[in-house]
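Here the structure is laid out as structure tokens; the discussion comes afterwards.
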2 protein chains.
Amino acid sequence: MAQAKKAASIWDVARLAGVSHQTVSRVVNGSPRVAAATRDKVLEAITELGYRPNRLARSLAGGAVESVTVLTADISLYGPEAALRGIEKAARALDWSVQISVLDPADTHSDADIIARLPRAGEPTIIMAHDEPGMRAKQVLLDTQPQAMVAIGPYTAEELAASPWLVGMDDGKAAAEATRYLLDLGHTTVHHLAIPTSTGTFGGGRAHRAEGWARVLREAGRPVPEPVPSGWTIAEAFKAVQPLVADPEVTAILCGNDHLALATMRAAHLAGRSVPGDLSIVGFDNTPFSAYTTPALTTVNQDFESVGRGAFELLRHRVDSSIPRPVPGWPEPELIVRETSGPPAEH
Amino acid sequence: MAQAKKAASIWDVARLAGVSHQTVSRVVNGSPRVAAATRDKVLEAITELGYRPNRLARSLAGGAVESVTVLTADISLYGPEAALRGIEKAARALDWSVQISVLDPADTHSDADIIARLPRAGEPTIIMAHDEPGMRAKQVLLDTQPQAMVAIGPYTAEELAASPWLVGMDDGKAAAEATRYLLDLGHTTVHHLAIPTSTGTFGGGRAHRAEGWARVLREAGRPVPEPVPSGWTIAEAFKAVQPLVADPEVTAILCGNDHLALATMRAAHLAGRSVPGDLSIVGFDNTPFSAYTTPALTTVNQDFESVGRGAFELLRHRVDSSIPRPVPGWPEPELIVRETSGPPAEH
DNA sequence: ATCAATGAGGTGAACGTTCACACGAGGCGG
DNA sequence: CCGCCTCGTGTGAACGTTCACCTCATTGAT
């Protein structure tokens, strides 16, 4: 019955080593101003007692901030999940800790509830602002502690330039590129199965992918069909896309992400329409599975992991201005043509 | 330029409300022994100053522990991701915070590095022990702070009963069920594309899915082919499975998870083998996309989210013995027959 | 009228760190 | 030989809470 005896503190180590608590602190933090002999004594005491520093006490006492909280609505979505991975990697490299807090979309939490999630006032925070709960959290933190927050989301180049707390990729442009590609293939127009927008009570949230798609169609003088709204899940997408695959006039569908695209492929198959013969399908995000569907999915690659890393770097800069502002260096979204897209069938 | 003035503390509120700091604490924590008038004064001061409690200070001062750290090697894997979701939901319902720390498989971190990840000694921790780094972390924590840790992993009923810190599902049994199903369909034997095992320097880690599969074959007196080892990624699986799909003798493959199964479907397609006509494929985990592949994947459903929730409940019980031990109540793994499995082709 | 019980609130220490400073011992230049 | 700088180390106060205990009214029963 290993009794859970209290963990050793810096004072216990100090007593055992015959030095002051401050000297122990210096050793632990690698200060140069401590004699080699003393250091050894302290180190020995540390291993003997199994001492490990308490990070809570460290931050409380005003030591350097070494934690970041990620606010997101859904870690099962590929984008947020990959970005989280990037944040975590970058944080780990610097020995920062990562805390995640999931925003419940169904929940009617007040603004106070959102900030109550943070471990303390001024906690460095990264928000995945791709949907309504995220946009809302973004606004709350922008009002509360703008200097210690960064938001990740899809944004145009202008928005990015105007908001120093913003990190993201211009996926409107990427959607435009994909749409243009489909038109060039000979399709009269392109339909759009859309992910939920972040519009709502809070300004700034828009459907960038849908906008890029619509812009290209307008510029090309093509009819702009009403985008078909879908939820985030494959099941919802499968239901939503039915009218589209049933309509023989529809020859090309740009999907808001790869999961929606998979649902579309499935629906097309069940409706007896061949892909890409009768129907071209383009996804978004280059989710790992997309290269292995049959036929393999044409999609738009996005390096979310790098964006996550960039968000972390930017946050460090914003929290501590002595750290230089990072220059965003991740690749632009890029169309990856695989097997689900091709010229429309001859009439 | 909203100067980041220091956040209000409990003392500031006390001063403004004309009471002691302790009274503020009582109000914040909803103690009944405070007069209504006083409470109102305090609440007013709180909103006026925008006070929010500092969770770090709270835990430091010996308040109830309200955070849990999750140690995992890979959040992009469906199992850990879903379990994490379950943990997070359960934690959120109780206003606990969740911290995640990713174990780098490539990293040669020492045992000390692993526990250095924890915010403090005795931090309640849940470990995803499905692979080598996870098993290792499990062992370290078991040695260090057994009373404040819980591990999630695939285990047999006996192992579960023997280890009070263990939560999981018997996926060996599920693999057995799937194998039996394929044999009953008429296949002479079943091949296995295996996920990495957790065996290695640390005992206890085994390949439960592979064991369940092999056991059924032996019991049925069928040849037990060498399992084909694959990495976790789809790309690795695609490479690993090539010899299997190229071999016309192989008529049924049980895959270690749905991603491996997808790779197998793709490889089979490219090798000109029809599914399920020439080759039956069964996956594992019932990953969301699996119902929407073409053909739809036969797989084994596992309710990882419930397991995550169960792990959290068990952890609470272990940290605070006044909380009753939860009874594991999640559904057993269950075979879901869809379209990738069928009787072997006639010779 | 007295006394115990109860309700409302205050006081001081503790949690485990870091920060700002103070202090003595050598070394070195003048 | 004196003053000053640097090195190594110690002292005490903070950080923002909670905990354990104390005090002072008020109440109600005896």
Side-chain angles (χ1 to χ4, degrees), chain A residues 4-42 45-46 49-67 95 97 116 118-123 320, chain B residues 4-43 45-46 49-67 95 97 116 118-123:
Chain A
K5 53 187 159 204
K6 286 190 53 61
S9 83
I10 211 170
W11 286 97
D12 302 320
V13 175
R15 198 174 317 118
L16 182 59
V19 298
S20 77
H21 70 283
Q22 178 63 306
T23 300
V24 176
S25 172
R26 277 189 267 257
V27 170
V28 169
N29 295 293
S31 156
R33 340 211 106 197
V34 45
T38 315
R39 185 192 314 277
D40 289 347
K41 265 194 308 186
V42 171
I46 284 179
L49 293 175
Y51 166 76
R52 23 181 183 156
N54 183 322
R55 306 186 82 139
L56 302 188
R58 183 173 289 178
S59 334
L60 220 212
V65 186
E66 284 186 336
S67 77
D95 256 310
S97 65
L118 305 183
R120 61 182 158 186
E123 166 81 3
D320 175 354
Chain B
K5 53 187 158 203
K6 285 190 57 56
S9 83
I10 211 171
W11 287 97
D12 301 322
V13 175
R15 197 175 316 117
L16 182 60
V19 297
S20 78
H21 70 283
Q22 178 63 307
T23 300
V24 177
S25 173
R26 278 190 265 257
V27 170
V28 169
N29 294 295
S31 157
R33 342 212 105 197
V34 46
T38 315
R39 184 192 314 277
D40 289 348
K41 263 193 310 185
V42 171
L43 287 173
I46 284 178
L49 293 175
Y51 165 77
R52 23 179 184 155
N54 182 324
R55 306 186 82 138
L56 302 189
R58 183 171 290 178
S59 333
L60 220 211
V65 186
E66 285 185 337
S67 77
D95 255 312
S97 65
L118 305 182
R120 61 183 158 184
E123 165 81 3

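Sequence lines set the chain letters: A, B, ... in the order given, protein chains first and strands last, and positions in each chain run from 1. Because the structure is a prediction, the values reported are computed rather than measured. The basis for the numbers below is simple: all heavy atoms, side chains too, and nothing from hydrogens, waters or symmetry mates.
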Which nucleotide sits closest to the side chain of [X]: [options]?
X       : options               : value
A:Ile10 : C:dT17, D:dT9, D:dT18 : C:dT17
A:Arg58 : D:dT9, C:dT17, D:dC15 : C:dT17
B:Tyr51 : D:dT9, D:dT17, C:dT17 : D:dT17

Does B:Thr23 make a side-chain N or O approach to OP1 or OP2 of C:dG9 shorter than 4.0 Å?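 For C:dG9, neither OP1 nor OP2 has a side-chain N or O of B:Thr23 closer than 4.0 Å.
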For DNA chain C, what residues of residues 11-22 of chain B have any heavy atom nearer than 4.0 Å?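 Close to the strand are B:Val19, B:Ser20, B:His21, B:Gln22.
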Close approaches to DNA chain C from residues 26-36 of chain B, in residue order (heavy atom, under 4.0 Å):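 Per residue number, the list reads B:Arg26, B:Arg33, B:Val34, B:Ala35.
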Do the non-hydrogen side-chain atoms of A:Arg120 and A:Val65 ever get within less than 4.5 Å of each other?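 Yes - at least one pair of side-chain heavy atoms lies under 4.5 Å apart.
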Indicate whether the side chain of A:Ser67 and that of A:Glu123 have a donor and an acceptor atom separated by less than 3.5 Å.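 Checked: A:Ser67/A:Glu123 side chains pair up, N/O donor to acceptor below 3.5 Å.
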Atom [atom1] of [X] and atom [atom2] of [N]: how far apart are they, to the nearest Å?
X        : N      : atom1 : atom2 : answer
B:Arg120 : C:dC15 : CZ    : C1'   : 11 Å
B:Leu60  : C:dA13 : CG    : P     : 18 Å
A:Asn54  : D:dG16 : CG    : P     : 16 Å

Need one value for A:Arg52: base, sugar-phosphate or nothing, where a base atom within 4.0 Å counts as base even if backbone is also close, heavy atoms only.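 Answer is sugar-phosphate: A:Arg52 comes under 4.0 Å of backbone atoms only.
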